[in-house]
**Q** 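Input: one structure, supplied below.
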2 protein chains.
Amino acid sequence: MAGERAATLSDVAREAGVSLATASRALNGSDRVVRPELQERVLAAATKLGYTPNANAQAMARGSTETVGLLVKDIADPYFSTIAGGLADEAEKHGLLVMLCNTGGQAEREQKFLAALRRQRSRAIVLAGSDTTDMGHTREVADLLTSYLDGGGRAAAISQPRLPVDTVVIDNHGGAKALAERLVGLGYRRAAVLTGPEDLLVSTERHAGFAEGWLEATGSKPAYVADEFSRDGGHRAMSRLLEDGPEADCVFAVNDLMAVGALAACRQAGVEVGKDLAVAGFDDIATLRDVTPGLTTVRLPLADIGRLALELVLGEPSAELRKQSVHGEVVLRESTPPRS
Amino acid sequence: MAGERAATLSDVAREAGVSLATASRALNGSDRVVRPELQERVLAAATKLGYTPNANAQAMARGSTETVGLLVKDIADPYFSTIAGGLADEAEKHGLLVMLCNTGGQAEREQKFLAALRRQRSRAIVLAGSDTTDMGHTREVADLLTSYLDGGGRAAAISQPRLPVDTVVIDNHGGAKALAERLVGLGYRRAAVLTGPEDLLVSTERHAGFAEGWLEATGSKPAYVADEFSRDGGHRAMSRLLEDGPEADCVFAVNDLMAVGALAACRQAGVEVGKDLAVAGFDDIATLRDVTPGLTTVRLPLADIGRLALELVLGEPSAELRKQSVHGEVVLRESTPPRS
DNA sequence: GGCGATTGGGAAAGCGCTTTCCAATACGGT
DNA sequence: ACCGTATTGGAAAGCGCTTTCCCAATCGCC
């Protein structure tokens with residue numbers, strides 16, 4: 001059985017006693033009409049032979065594929081996996097296959113993947129989470145993307161409006177600012193921010209948004225500690241903050257993962273969050289909705305963002321760059337009770 | 001610029017003043033030697049023209065691709081996304097691209113994806129989490145897989161040893177059994193299991209393993225409540241259990257997600273986990289390591305499992321089906337303190 | 001009934017690459 | 001010098017499909 005090579009369209013045509021052209025037309029249905037009788041004969045022959053079209057050959061002949069590429073920093077991170085889930089569902093609806101590219105945040109890998117997707121003649125590319133402020137790399141990516149676009153490809157980005165493509169803009173600034181305002185409204189007066197590395201756009205945007213809101217509402221600037229944009233980063237940052245003596249009554253970690261690390265650090269230090277100190281995060285990661293105390297955060301419609309990005313990249317190409325804004329919604333939970 | 005179609009190998013050859021064959025050889029390096037001088041000329045021409053090989057054409061000519069397919073039930077589920085992360089990293093090392101197929105647990109979609117991957121002439125397919133006890137569907141999948149294998153493809157599964165392919169067998173039974181023993185060792189005497197749907201293999205295996213361990217150690221059979229294999233399922237199941245009056249001093253949820261739902265249900269019902277009741281899960285999902293109380297669970301090396309699966313599927317094909325076992329490790333945390 | 005207008009099938013030309021198979025040149029040994 | 005043997009470049013045959021283009025057959029209409 002392993003001997004007989006896969007049936008090709010010619011085999012089907014021969015079996016059905018028609019020409020190659022007719023066989024192709026009968027199977028694709030599309031362009032021109034085939035007499036029903038022949039049509040059936042071809043279909044029958046195809047099933048009999050267990051024919052499977054060769055997508056690569058089709059891609060060659062048609063000059064277009066059925067795949068879209070998705071670049072994420074780390075698919076194991078719930079932020080990205082949720083986005084990926086939404087995008088994958090949408091892709092399925094369109095009959096598209098998703099190429100998952102896990103960049104690990106390495107510029108070099110990102111470029112390699114971009115090149116690979118170009119080679120594959122993938123129909124579209126969605127970039128999520130490669131927003132760095134490293135201009136050298138951004139330029140490099142932009143160039144690759146441009147030549148990909150020139151070749152007829154389509155691309156969109158999530159959250160990084162610095163790339164020359166359509167993008168789903170996440171209102172990090174606004175969300176964080178709104179959060180700051182709500183916290184001040186709850187009675188908090190001295191804030192600290194646990195932020196990620198400086199060259200990470202999401203992180204700096206959220207930090208800046210929060211700081212702006214806080215400044216406008218209280219007239220003072222929040223302190224901050226920077227570390228990794230991860231659970232452990234949050235843990236370390238919070239520990240350092242606590243060591244230095246917590247001047248703050250309220251801490252904003254720029255994402256939920258860091259916030260959870262911070263929660264753990266507080267627990268270990270004997271600081272009771274929700275009483276001695278308030279903590280808030282950003283993203284509203286589903287698996288983290290049950291931590292205790294319930295984490296105040298800014299909810300992002302992550303799955304929708306993935307869906308949106310695909311719609312954007314698949315939609316009618318337009319002359320000017322499209323920006324699709326997505327806003328977060330502050331969700332107050334027990335980690336930031338009203339302050340008496 | 002959008003006008004000039006992408007440079008082809010012929011263009012490169014012409015530009016370099018060599019034949020198509022030479023150009024191809026110069027670029028791939030492999031099979032035969034090309035005079036260094038020509039080699040350089042070709043390379044120069046390629047960069048000058050911004051040449052990108054067409055992977056589809058290469059696939060056609062070579063008869064093999066650079067992609068592997070990964071089927072998961074839900075990429076947004078941290079269990080799968082962690083596996084996917086490990087697999088993606090490994091794939092990157094091998095220069096392979098990953099096709100992500102999100103089946104949503106729907107048999108029909110799973111089959112569609114399998115067909116699509118076959119059409120793409122994917123080098124290999126890894127199936128994760130399609131382990132159902134629905135024999136009809138399993139049979140169908142097995143058939144598709146068999147014809148894929150006959151066509152020269154390679155496939156491996158994760159956790160479902162009922163498919164006729166190499167598989168990374170997760171010792172769900174043993175892990176759950178070990179957990180049961182440890183819990184009994186801690187002093188617990190009456191257990192209840194929160195389990196998923198009956199046709200979900202992981203769920204039934206874990207349930208059975210736990211029940212076996214419990215029975216052997218205490219002589220009694222744990223009660224159980226079935227619901228969805230998710231956070232909400234765990235929440236509902238636990239609520240029901242509490243309503244019926246908790247005969248149990250210890251609850252095993254067959255995965256961490258359900259366990260977290262259970263934790264939430266307890267909190268809402270005023271039951272203090274770690275004191276009034278013990279709760280344990282399975283998987284040791286990273287993002288859940290900071291819930292309170294710390295969740296006792298069975299740690300699975302998820303990322304390694306993904307890596308292993310790819311290695312398995314890429315390794316030397318062997319006559320008999322290979323099974324690569326992976327065992328979990330019980331991790332005791334505060335949710336199951338020693339019982340005085 | 002005759003004519004142009006449809007209609008539907010088939011031959012064949014690619015799509016962009018790899019890889020035989022050949023030919024030509026260079027090299028070594030005696 | 002001469003012949004056999006490596007080398008290395010090129011022509012061309014595919015890989016499996018789509019799609020023009022062409023042609024025969026059928027249709028409709030005056």
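Throughout, a chain's letter reflects where its sequence line sits, starting with A, and its residues are numbered from 1.
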**Q** Can you tell me the distance, in whole Å, between the CG atom of B/N54 and the P atom of D/dC15?
**A** 18 Å
**Q** Decide whether A/T52 and B/R118 meet the rule of one side-chain donor and one side-chain acceptor closer than 3.5 Å.
**A** yes
**Q** OP1 or OP2 of D/dT8 versus the side-chain N and O atoms of B/R32: is any pair under 4.0 Å?
**A** no
**Q** Can you tell me how far P of C/dG8 sits from CD of A/E37, to the nearest Å?
**A** 13 Å
**Q** Is any side-chain heavy atom of A/Y148 closer than 4.5 Å to one of A/L117?
**A** no
**Q** Minimum heavy-atom separation for B/E66 and B/G95, please, with both atom names.
**A** OE2-O, 4.1 Å
**Q** Closest-nucleotide mapping onto DNA chain D: is B/L38 or B/A61 further toward the 5' terminus? I mean the 5' end.
**A** B/L38
**Q** How many Å lie between CZ on A/R25 and P on D/dC17, as a whole number?
**A** 15 Å
**Q** Any Lys/Arg nitrogen of A/E108 or A/K112 sitting under 4.0 Å from an Asp/Glu carboxylate oxygen of the other?
**A** no
**Q** Figure out the CD/P separation between B/Q120 and D/dG16, and round it to whole Å.
**A** 16 Å
**Q** Expressed as a whole number of angstroms, how long is the span from B/L20:CG to D/dC15:P?
**A** 17 Å
**Q** If you measure from CD on B/E92 to CD on B/E90, what distance do you get to the nearest 0.5 Å?
**A** 10.0 Å
**Q** Between A/R35 and C/dG9, is there a side-chain N or O to OP1/OP2 distance below 4.0 Å?
**A** yes
**Q** B/D11 has an atom CG; how far is it from atom C1' of C/dC17, in whole Å?
**A** 13 Å
**Q** With DNA chain D as reference, determine whether A/A21 or B/P36 sits nearer its 5' end, using the nearest nucleotide of each.
**A** B/P36
**Q** Rounded off to whole Å, could you give me the CZ-to-P distance for the B/R121 and D/dG16 pair?
**A** 8 Å
**Q** Does A/N28 put a side-chain nitrogen or oxygen below 4.0 Å from OP1 or OP2 of D/dT18?
**A** yes
**Q** Give a yes/no on whether any side-chain N or O of A/Q58 is located under 4.0 angstrom from OP1 or OP2 of D/dT18.
**A** yes
**Q** Is A/S24 touching bases, backbone alone, or none of the nucleic acid, heavy atoms closer than 4.0 Å?
**A** base
**Q** Kindly say if B/S19 contacts the phosphate of D/dG10, meaning a side-chain N or O under 4.0 Å from OP1 or OP2.
**A** yes
**Q** Compare side-chain N and O positions of A/T22 against OP1 and OP2 of C/dG9 and report whether any pair is under 4.0 Å apart.
**A** no
**Q** Could you tell me how far apart A/L27 (CG) and D/dT19 (P) are, to the nearest whole angstrom?
**A** 13 Å
